[in-house]
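Notes follow once the structure below has been shown.
We name chains A, B, ... by the order of the sequence lines, and we start the count at 1 in each one.
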Amino acid sequence: MAATIPRGIRVIDWKNADKSRSIRYRVRVERGDFVVDRSFSDLERAKLFLEDTKTPQGRLLIAQGRDRASLVVDEVERLAAEFIKEGRCTLSHAIDSYLRAYVNGKLESEVDKERVTAKAAKARLEFCKTVRVPYIKPGHVVPSGPLASLRQFAKGYDEKPIGDFYIDDLTEQETTEYINARLRAGKANSTIKRDIYALQSVVNKLRYTDNKAWKRLNGYNPFVQADKSKLKGGERRRRRIISDAEEEALLAELRKCRNPEMPMIFALAISTGMRRAELLGLRWSQVDLDRGVIHLNADQTKASEDRMVILLPEAREAFKAIPQVDDRVFHYKIEGFKTNFQRVLKRAGLTDIHMHDTRRSFISRVLKNITASPVAIADMVGARSVSNLERRTIDRIRQHEMIEAGAIKTEQELRWTVQHKDGQTTSRYANLAPERTE
DNA sequence: ATTCCAGTCCGGCACTGTTT
DNA sequence: AAACAGTGCCGGACTGGAAT
């Protein structure tokens with residue numbers, strides 16, 4: 001049957017050296033700046049591609065390699081690989097699906113924070129695939145009972161990268177072996193925890209990335225069941241607070257930098273309590289110097305909720321000193337600032353200071369000044385229940401009152417500005433602050 | 001109060017570009 | 001050429017909010 005070939009697609013029919021014949025469908029389009037030339041073995045995909053070249057959206061997708069024809073090819077190859085194995089899916093496949101759905105799109109993000117996070121997530125998961133885990137080959141008896149502990153001497157004992165396992169073959173035994181393998185490699189508990197939780201998330205997200213594979217698991221997630229007891233131990237919390245003398249010394253060193261943004265960024269960090277990524281991503285349109293407030297959008301904060309940061313007089317002055325060249329307040333990328341800050345710390349002989357310590361220092365300083373508050377810090381831990389809509393409305397009004405006053409007078413107001421949801425989090429800082437003047 | 005989980009930040013290093 | 005800067009990667013560690 002002769003399929004009709006639409007205008008725009010040309011059939012290429014050639015004879016190979018081994019006398020076999022190949023037919024491909026070539027789509028070649030040149031319209032102004034838009035030039036593509038691609039051939040397909042499947043006419044339907046060629047038609048799909050041709051269609052995409054005809055709309056602006058389609059051309060954009062083609063430029064990004066995300067046009068329908070390409071995606072169909074990707075998907076077909078992936079499905080083919082999985083159907084061969086009775087619809088089963090390896091952990092590597094699941095990780096790839098996860099990266100495609102949740103991470104890859106952010107690798108080229110304009111938002112610095114997003115890009116850095118996406119790259120780190122991808123690197124971690126790609127590495128996790130390769131960790132070798134022992135198992136008993138199919139067809140051999142898995143030792144149990146008194147012989148269970150002699151597993152590694154059993155017939156059929158072998159090891160392979162955890163990514164090569166089919167997910168429904170993974171049990172808590174394999175995932176626990178993963179933990180053991182990483183421990184043997186001398187990795188820190190917190191690092192291994194990060195691995196396990198990342199993989200756990202990959203399996204959970206199968207529900208959305210590969211529903212068929214997810215249903216096979218029937219709610220079972222081998223990483224949830226892994227024996228994490230060896231990874232336990234009180235979680236360490238950093239306690240460092242920057243003293244006034246240290247701040248002075250550091251500022252002096254920062255002022256010697258060629259880039260005048262260095263001291264400004266640090267000064268603002270310690271006078272607003274803002275996080276590094278929040279400061280570096282800040283735009284002038286978000287800064288209201290007249291009212292003395294910064295509006296942060298939800299996608300800029302760690303808590304993924306928007307918030308208002310009050311500018312105390314010190315911070316307000318600091319902002320006024322910054323020249324406005326374009327909408328960005330600072331022009332560093334995260335990595336650039338980090339490295340330079342590191343070098344300055346070294347020069348100042350203050351190598352045990354971290355950038356995030358500015359946040360802790362800000363909180364402890366403000367707490368020291370809140371002497372009129374009726375609420376003792378100890379009480380803060382208990383008072384964290386009401387958060388219904390009505391309360392939120394009242395909070396909003398009080399936040400505006402605080403900004404009007406240009407000062408932070410209570411712990412609650414402090415929490416608003418640093419975006420701690422409850423006294424629990426702030427108290428982690430508060431307990432570590434220097435003695436409060438009662 | 002501790003643990004879970006995911007988001008964010010850290011030091012060290014390599015490489016490249018710019019200023020002194 | 002030496003010092004200073006900017007960017008990116010990697011394995012590791014800390015943080016924030018909620019569950020236990």
Which parts of nucleotides 8-20 of chain B does protein reach within less than 4.0 Å, heavy atoms only, written one letter per nucleotide 5' to 3' as B for base, S for sugar-phosphate only and - for none? BSSBB------S-
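- Within the 4.0 Å cut-off from OP1 or OP2 of dC10(C), not a single side-chain nitrogen or oxygen of K119(A) is found.
- One atom, CG of N221(A), and another, C1' of dC4(B), lie 14 Å apart when rounded to the nearest Å.
- When the side-chain nitrogen and oxygen atoms of T191(A) are compared with OP1 and OP2 of dG11(C), none of them lie within a distance under 4.0 Å.
- One finds no salt bridge joining K113(A) and D299(A) here, because no Lys/Arg side-chain nitrogen approaches an Asp/Glu carboxylate oxygen to under 4.0 Å.
- R240(A) places no side-chain N or O within 3.5 Å of a backbone atom of D357(A) that could act as its donor or acceptor partner.
- Following rounding to the nearest Å, L254(A) (CG) and dA5(C) (C1') show an atom-to-atom distance of 14 Å.
- For the pair N204(A) CG and dC4(B) C1', the interatomic distance rounds to 13 Å; values are reported in whole Å.
- Screening R88(A), K137(A), R216(A) against D169(A) for a salt bridge (Lys or Arg N to Asp or Glu O under 4.0 Å) leaves a single residue, R88(A).
- In this structure, the ring of F330(A) has its center no less than 6.0 angstrom from the ring center of F337(A).
- In this structure, the side chain of R360(A) does not engage the main chain of I242(A) through any donor-acceptor pair within 3.5 Å.
- Which of dC10(C), dG12(C), dC5(B) sits closest to the side chain of A123(A) comes down to dC10(C).
- With DNA chain C read from its 5' end, the first of the two nearest nucleotides for G186(A) and R115(A) is the one closest to R115(A).
- The nearest whole Å value for the distance from the NZ atom in K187(A) to the C1' atom in dG11(C) is 6 Å.
- Contacts of F337(A) with the nucleic acid, taken as non-hydrogen atoms under 4.0 Å apart, are absent.
- For the pair L99(A) and E126(A), the minimum side-chain heavy-atom distance is below 4.5 Å.
- Rounding to whole angstrom units, CZ of residue R415(A) and C1' of dG16(C) are separated by 14 Å.
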Does E261(A) form a salt bridge (Lys or Arg N to Asp or Glu O under 4.0 Å) with R328(A)? I'd like the steps, not just the answer. CA-CA 12 Å; E261(A) 291 187 357; R328(A) 293 195 62 179; over 6 Å; no
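- If you measure from atom CD of Q225(A) to atom C1' of dC4(B), you get 14 Å, rounded to the nearest angstrom.
- What separates CD of E114(A) from P of dA6(B) is a distance of 18 Å, to the nearest Å.
- Between R347(A) and dA5(C) there is a side-chain N or O to OP1 or OP2 distance below 4.0 Å.
- Computed from coordinates, the I196(A) CD1 to dT3(B) C1' distance equals 16 Å when rounded to whole Å.
- The side chain of N340(A) places an N or O atom within less than 4.0 Å of a non-bridging phosphate oxygen (OP1 or OP2) of dG6(C).
- Across dC14(C), dA6(B), dG8(C), the shortest atom-to-atom separation from the side chain of Y197(A) is found for dA6(B).
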